[in-house]
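Please read the structure below before turning to the comments.
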Protein chains: 2
Amino acid sequence: MASGERLPSGAMDIHAEAEPLRLEGFLPYRLNMLATEVSQTLARAYGRKFGISIPEWRVLATLGQFGVMTARDIGGHSRMHKTTVSRAVAALEKRRLIVRRANRADMREAFLALTDAGTAIYHEIVPMARAFSDSLCAGLSETELRQMNTLIDKLAERVASLGNG
Amino acid sequence: MASGERLPSGAMDIHAEAEPLRLEGFLPYRLNMLATEVSQTLARAYGRKFGISIPEWRVLATLGQFGVMTARDIGGHSRMHKTTVSRAVAALEKRRLIVRRANRADMREAFLALTDAGTAIYHEIVPMARAFSDSLCAGLSETELRQMNTLIDKLAERVASLGNG
DNA sequence: ACTTGATCGTTTCAGCTGAAACAAACTGAC
DNA sequence: GTCAGTTTGTTTCAGCTGAAACGATCAAGT
């Protein structure tokens, strides 16, 4: 554009060429960076110590919390793909950390539960995970922690409606 | 344990067997769920429309923001693995959305920049991404948005120190 | 009982990811 | 100039992921 032209300030720029997006200030990007870093840091900790992958930890954690469940229920609660659950369950069963019992009332599914060895590992990982989370939140006040949880809830609700609706 | 035994309430349980971890109230898990959902919802939007993957979008976004950069700079800024950058750059170059110009002062690296076609797609995706983000944040007040950003900053700083230190 | 359609879980397959190995190019010490 | 060590970027390879196909089972209707 000729330098002598006079325009209502910024009027043209807005329509001809949008402002570039500052990635480092973009909420979806920031959220993803943070979550990835948090997830991987924790996963490295229990991965090194117990040879457990993220999906395997989630299966352990779900069974540790709820006791007996089917693979379907585990996937539903921890939002894992059924193939991911299937493979994590197979790996954990092979290592005898969980057992599979038939459901006579419905032979398609099976009841899964922690073995003693699985329970033992679960009770080693849980304090480690809690310590990590506590240490992560150590810089936050009680109020900020409540805020964070409220905000996550609001955003989760919001994104769910955006995805479906 | 024999049912008749009398114990100080809960004294043994606390040490013998930790409380099960409620996954749905566990911050690392909650953060990861939210970020995954947000990321994938946005990625589906521009993926369907332009056939662009997440790493490709990040390369486009970084070049759109900064103009000319090397692959190394892109990786550094967007925290992508160098192999991921390499492949995204190759794909975008093949589709003529970016160009590679030699750096005569250092022939190992190359200057990357958006082509006109790349700039055009960038300027189509940016408003879409902004609209998504705005819609995501629509349920949040101005104050809550500031809080969210502050909290993400604090947690990011915290997790970085936990990972390294 | 038979058929249809749905559901649970596994397997197959294609694509993505990152660690490691690698080639090419640069830097600094000698 | 040459050598050793570093840096940039690509390729290879092994592992993970999810869509699709599949087998097995169940439920409902006829």
Side-chain angles (χ1 to χ4, degrees), chain A residues 32-33 35-37 39-44 46-48 51-59 62-63 68-95 98-113 163, chain B residues 32-33 35-37 39-44 46-48 51-59 62-63 68-95 98-113 163:
Chain A
N32 203 50
M33 287 297 101
T36 300
E37 197 59 34
S39 227
Q40 286 184 353
T41 303
L42 177 55
R44 269 196 300 274
Y46 60 68
R48 262 202 309 271
I52 298 274
S53 72
I54 293 181
E56 284 163 26
W57 154 243
R58 285 192 181 161
V59 169
T62 308
L63 289 178
V68 177
M69 289 180 100
T70 66
R72 178 181 168 279
D73 293 334
I74 294 174
H77 188 263
S78 61
R79 307 256 190 110
M80 281 192 291
H81 195 275
K82 62 178 181 173
T83 61
T84 308
V85 175
S86 174
R87 285 186 272 247
V89 163
L92 292 171
E93 194 188 12
K94 196 171 183 181
R95 289 177 60 184
I98 68 177
V99 283
R100 193 192 303 253
R101 289 197 315 107
N103 175 10
R104 286 197 186 171
D106 185 345
M107 294 300 288
R108 291 172 303 181
E109 63 187 19
F111 294 131
L112 304 169
Chain B
N32 202 50
M33 285 297 101
T36 300
E37 197 59 33
S39 228
Q40 285 184 354
T41 302
L42 176 55
R44 268 197 299 276
Y46 61 67
R48 263 202 308 269
I52 299 274
S53 72
I54 292 181
E56 285 163 23
W57 153 243
R58 284 190 182 163
V59 169
T62 308
L63 290 177
V68 177
M69 290 180 101
T70 66
R72 177 182 168 280
D73 294 335
I74 294 174
H77 188 263
S78 61
R79 308 257 188 107
M80 279 192 292
H81 195 275
K82 62 178 181 173
T83 61
T84 308
V85 175
S86 175
R87 286 185 272 247
V89 163
L92 291 171
E93 195 189 12
K94 196 171 182 181
R95 290 176 59 183
I98 68 177
V99 283
R100 193 192 302 253
R101 287 195 318 106
N103 175 13
R104 287 196 185 171
D106 187 344
M107 293 301 289
R108 290 172 304 183
E109 61 187 21
F111 295 131
L112 304 169

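No hydrogens, no waters, no symmetry mates; every other heavy atom, side chains included, goes into these values. All chains are named by letter (A, B, ...) in the order of the sequence lines, taking the proteins before the strands, and each is independently numbered beginning at 1.
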Integer-rounded Å distance: C:dC8 C1' and A:Leu112 CG
12 Å

Please determine, for the side chain of A:Ser86, which listed nucleotide (C:dT10, C:dG18, C:dC26) has the closest atom?
C:dT10

Between C:dC13 (C1') and A:His81 (NE2): distance, integer Å
13 Å

Please tell me if the side chains of A:Leu112 and A:Met69 come closer than 4.5 Å, counting only heavy atoms from C-beta onward.
no

Length of the line joining A:Ile54:CD1 and D:dC16:C1', which is rounded to integer Å
11 Å

Please check if the side chain of A:Ser86 supplies one atom and the backbone of A:Lys82 the other of a donor-acceptor pair under 3.5 Å.
no

A:Met80 CE to D:dC16 P, in whole Å, measures 14 Å

Which one, D:dT17, D:dT10, C:dC8, comes nearest to the side chain of B:Lys82?
D:dT10

Could you tell me whether A:Thr83 contacts a base, only the sugar-phosphate backbone, or nothing, with contacts defined as non-hydrogen atoms closer than 4.0 Å?
base

I want to check one thing: is the phosphate of D:dG18, taken as OP1 and OP2, less than 4.0 Å away from some side-chain N or O of A:Thr84?
yes

How many whole angstroms separate atom CZ of B:Arg104 from atom C1' of C:dA25?
17 Å

For A:Ile52 and D:dC16, give me the distance from atom CD1 to atom P, rounded to whole Å.
13 Å

Identify whether any heavy atom of B:Ala90 sits under 4.0 Å from a base atom; if not, whether one sits that close to sugar-phosphate; answer base, sugar-phosphate or nothing.
nothing

How many Å lie between NZ on B:Lys94 and P on D:dT10, as a whole number?
14 Å

Answer yes or no: is there a side-chain heavy-atom contact under 4.5 Å between B:Gln40 and B:Thr36?
yes

Base, sugar-phosphate alone, or nothing: which one does B:Ser53 contact when heavy atoms must sit under 4.0 Å apart?
nothing

Measure from the side-chain heavy atoms of A:Pro55 and tell me the nearest of C:dT17, D:dT17, C:dT10.
D:dT17

Closest-nucleotide mapping onto DNA chain C: is A:Arg108 or B:Arg108 further toward the 5' terminus? I mean the 5' end.
A:Arg108

Proximity to the side chain of A:Arg72 - top-ranked nucleotide from C:dA25, C:dT7, D:dG9
C:dT7

Is there a side-chain contact between B:Val89 and B:Arg100, using heavy atoms and a 4.5 Å cut-off?
yes

What is the distance from CD1 of A:Ile74 to C1' of C:dT10, rounded to the nearest Å?
15 Å

Of the nucleotides D:dT12, D:dT17, C:dA25, which one has an atom closest to the side chain of B:Arg87?
D:dT12

Looking at side-chain heavy atoms only, is the closest gap between B:Leu92 and B:Trp57 below 4.5 Å?
no

Taking D:dG9, C:dC8, C:dC26 as options, the one with an atom nearest any side-chain atom of B:Arg100 is D:dG9

